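The chain is numbered in sequence order, starting from 1. Remember, predicted model here, so these are calculated numbers, not experimental data.
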Amino acid sequence: MATFLYRLGRLAFRRRRFVVLIWIALLAAVTMGAGSVSGTTTDNFTLPGTQSQQAIDLLEKEFPQASASGATARVVFEAPDGQKLTSAALKPEVESLVAGLEKAPQVASVSDPFTSGLVSASGTVAYAQVTYGVPQADITPDASEALRDIAEQGKEAGLAISLGGNAVLDEGGSRAAELIGLLVAAFALVITFGSVVAAGLPLLSAIFGVGAALGAITIASSFVDMASNAQTLALMLGLAVAIDYALFIVSRYRGELRDGHEPEEAAGRALGTAGSAVVFAGLTVIIALAGLSVIGIQMLTTMGLAAAFAVTVAVLVALTLLPATLGFAGTRLASGRFITRRMRDAERGRRTTTGVRWGRFVTRHPWKTLLASVVGLGILSVPALSLRLTLPDDSMASPHSTQRVAYDTLSKGFGPGFSGPLTVVVDARTSEDPKRAAQDTAGLLGRLDDVAAVRPPVFNQAGDVALITAIPGSSPTSQATVDLVADIRERSGALEEESGARLMVTGTTAVNIDVSDKLGDAMVPYLGIVVGLALVLLLLVFRSILVPLKAALGFLLSVTATLGVLVAVFQWGWLKDLFGVDETAPVVSLLPILLIGVVFGLAMDYEVFLVSRMREEYVHGATPDEAIVSGFRHGARVVTAAAVIMISVFAGFLLDDVALVKSIGMGLASAVLFDAFVVRMTIVPAVMALLGHRAWALPAWLDRVLPDVDVEGERLRHALAARGEAVHPAALGSHKPTASAPAR
């Protein structure tokens, strides 16, 4: 692979104008394509085999007019201060708006607040439940526009109108997060390289990669149901990895120029060495994200595939566009107006860098640093034992969005449970007295502690399936509501024995609970798959057994500590004001699995760039401690800059008003912080110092069986040597011990 990338780097360097024009044309094409389609996103979850989905399927068959799988909207009316919606002045206005809703496109049914008991006891708040005849993804722009027009008409009449439900499209968010992340990344790159030109190339690569990826994802959303947060995740990862991958290659290119190589040769060698590690790191992220599709939830599948596609584009940009832009920059990258004397001395080996000093400190005190790091991450992991999962709803929307206003207004007028009613289905097709079974169920529900209200049963045309709406007394994401759903389902067995009727719970709240349970159950197996993949890949790369085990255990520490931080901030409310979290709630159920997939790839990224340098020195005769220090000499500065950039990009999303986006940003930023600085730059060298020569042990039979994937450029080293060209040892990555390597 390294030899192929070496040739690709030289080719892109020589044909730089053609390569750049191809990328410009590609970016222009996807931008125009994205602008010409009307892609839609969705937050709908379906999970075949769960009770909630079985109930929905039954309702579709027995209550076709109810559109059980159709999109829904809640139009919430609030009277002006001192007035009531039931007054002679306001009631006709509300009725007129409800009549307008019934005539809106794609609407299947509308519940009148005054005839359906949807007016609060105070008379100041009411809502109309709108059910559409199509799923959320099929809502047309005309239908959305009609809903907004009716809301505007209500406001003109003096009413406070807000909209909730999955038929209401998300409002556009702020782009401040991306801008701040890019500005911090630019600053970190200038500090790292001391050159505006060198800093600009990674940013240019990121802009091209993210632009092309998001354009293609937007086009794809017009053909498939795309999760509403798929683009956000793709943007986060696309920005972070595109900048990081370009940073590694540009840094290696500058090193090759300093070693005396011509620019074209330097570009080829940089791509053949650092480019190989970029391919490996990118591949791990792509596999982990694409693997989310095996869980079987479409929303999670589209988020994983969209993010994996963004990472794929970032890798392609790093391997083609970046070496082409290096051709335009030439030797100017080797110098810069911001390069200080200390930087020059460090590059020439005349000054001890911070990375070297830290490496020496860790190797002198391995037990102390290892114990402090593990205990620290262990303490941060404790809150993860209380992890609860939920799915995003209107309570997690931006505080000023119409969805959040509708949620808060309903909670104020009716209680928190009205925003997440439970649909209880009584399947009495095998019962001798279906109506009695339904009445008994309604009475049972009314006696439960956390049920605020129960509406009378509604029967299908045959009279053997009943639909009962139960309003919880607690919010949809509370543990009390989760316990209530479990309690109702547990009573199904007793009902079936007494009357022959089966009881099922569905509705948005029940579906969310079922999906969260499914994701929670899938987290451990998925983690096992990812860790197993890490062990195999690192075994191929480092040809060692203990190095992959140490890397995988460190990855687990990073994940559990990150989950602990998320629980402490978003679930318990610690420091919530500092991070702008205005309401505590369980952790979004998608986040832990997304973290596992993303952090796995990033962890292997840093592992390769640091440890491969250590191994290269070791096989050339350095002692284990000397190899560790040398690895920090060559890789600590670049890995530190890469981690700071990633943390900055991810942390920028803490400025977003949407709780889900905020939690994703904090989770990814915390994970990179823990994995890069605590695990890879502290625990890893400490463990390797304690292991000594044993860290690189590999049974002879396994060495013969394992294929040589040439991730670090061993074949390239021999190819260049065969041409009679001198190869600087540090210019190439790690490789297997040869006959000339010292026996261990």
Side-chain angles (χ1 to χ4, degrees), residues 44-70 72 129 131 135 166 296-297 390-391 393 417-474 476-477 480-521 589:
N44 278 351
F45 274 83
T46 58
L47 195 61
T50 61
Q51 186 184 109
S52 56
Q53 189 63 45
Q54 292 171 1
I56 290 174
D57 295 340
L58 178 61
L59 290 177
E60 287 282 3
K61 177 182 177 182
E62 302 295 336
F63 292 86
Q65 72 281 5
S67 298
S69 62
T72 60
Q129 185 75 15
T131 302
N166 61 12
I297 299 176
T390 188
L391 288 178
D393 59 11
F418 261 77
S419 296
L422 302 178
T423 300
V424 180
V425 179
V426 181
D427 182 4
R429 289 175 296 180
T430 59
S431 174
E432 295 180 357
D433 191 350
K435 291 188 177 181
R436 175 68 179 273
Q439 293 294 339
D440 289 346
T441 301
L444 171 66
L445 294 174
R447 293 191 295 271
L448 297 180
D449 292 338
D450 198 45
V451 174
V454 179
R455 295 176 189 159
V458 177
F459 287 89
N460 64 340
Q461 188 172 2
D464 54 8
V465 176
L467 186 154
I468 304 173
T469 300
I471 308 299
S474 305
T477 59
T481 301
V482 175
D483 294 339
L484 175 62
V485 171
D487 189 16
I488 295 173
R489 287 173 171 172
E490 285 177 1
R491 297 173 186 267
S492 177
L495 178 68
E496 191 167 4
E497 288 181 3
E498 293 177 4
S499 63
R502 183 188 178 198
L503 185 153
M504 295 181 286
V505 185
T506 187
T508 302
T509 301
V511 170
N512 288 354
I513 292 171
D514 287 344
V515 173
S516 296
D517 289 344
K518 177 67 174 178
L519 290 173
D521 294 340
S589 52

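- At least one side-chain heavy atom of L58 sits less than 4.5 Å from a side-chain heavy atom of R429.
- Between V454 and I471 there is no side-chain heavy-atom pair separated by less than 4.5 Å.
- Distance CG/D427 to CG/D464: 7.5 Å, rounded to 0.5 Å.
- Note that the CG atom of N512 and the OG atom of S589 stand 7.5 Å from one another [nearest 0.5 Å].
- Side-chain atoms of T506 come within 3.5 Å of backbone atoms of S52 as a donor-acceptor pair (strictly under, hydrogens ignored).
- Here the side chain of T430 pairs a donor or acceptor atom with the backbone of G500 at under 3.5 angstrom.
- Under the 3.5 Å distance criterion, with hydrogens and angles disregarded, no donor-acceptor pair is assigned to the side chains of R502 and Q51.
- T477 places none of its side-chain heavy atoms less than 4.5 Å from the side chain of T509.
- Q439 has its side chain within reach of P457: a pair of non-hydrogen atoms, C-beta onward, lies under 4.5 Å apart.
- Rounding to the nearest 0.5 Å places CE of M504 at 11.0 Å from OG1 of T50.
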Go through L59 and V425 one step at a time and tell me if the side chain to side chain contact (heavy atoms under 4.5 Å, CB included) criterion holds.
CA-CA 8 Å; L59 290 177; V425 179; 3.9 Å; yes
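- The heavy-atom pair separating A470 from V424 by the smallest distance is CB-CG2, 4.5 Å.
- Summarising the geometry of N460 relative to E62, their closest heavy-atom pair is ND2-OE1, 2.7 Å, with the distance given to 0.1 Å.
- Of all the heavy atoms in A442 and I468, the pair that sits closest is N-CD1, 3.9 Å.
- The shortest side-chain heavy-atom distance between L484 and L448 falls under the 4.5 Å cut-off.
- Nearest heavy atoms, P434 versus G463: CB-O, 3.5 Å.
- Counting heavy atoms from C-beta outward, D483 and D450 have side chains that stay 4.5 Å or more apart.
- Side-chain contact between F63 and V465 is present, with heavy atoms from C-beta onward closer than 4.5 Å.
- Among all heavy-atom pairs drawn from A510 and V505, the shortest one is CB-O, 3.8 Å.
- Summarising the geometry of I513 relative to T481, their closest heavy-atom pair is CD1-O, 4.2 Å, with the distance given to 0.1 Å.
- Counting heavy atoms from C-beta outward, L444 and R491 have side chains that approach closer than 4.5 Å.
- Counting only distance, with no hydrogens or angles, the side chain of S431 and the backbone of A501 share no donor-acceptor pair below 3.5 Å.
- Between D440 and K435 there is no salt bridge, since no side-chain nitrogen of the basic residue lies less than 4.0 Å from a carboxylate oxygen of the acidic one.
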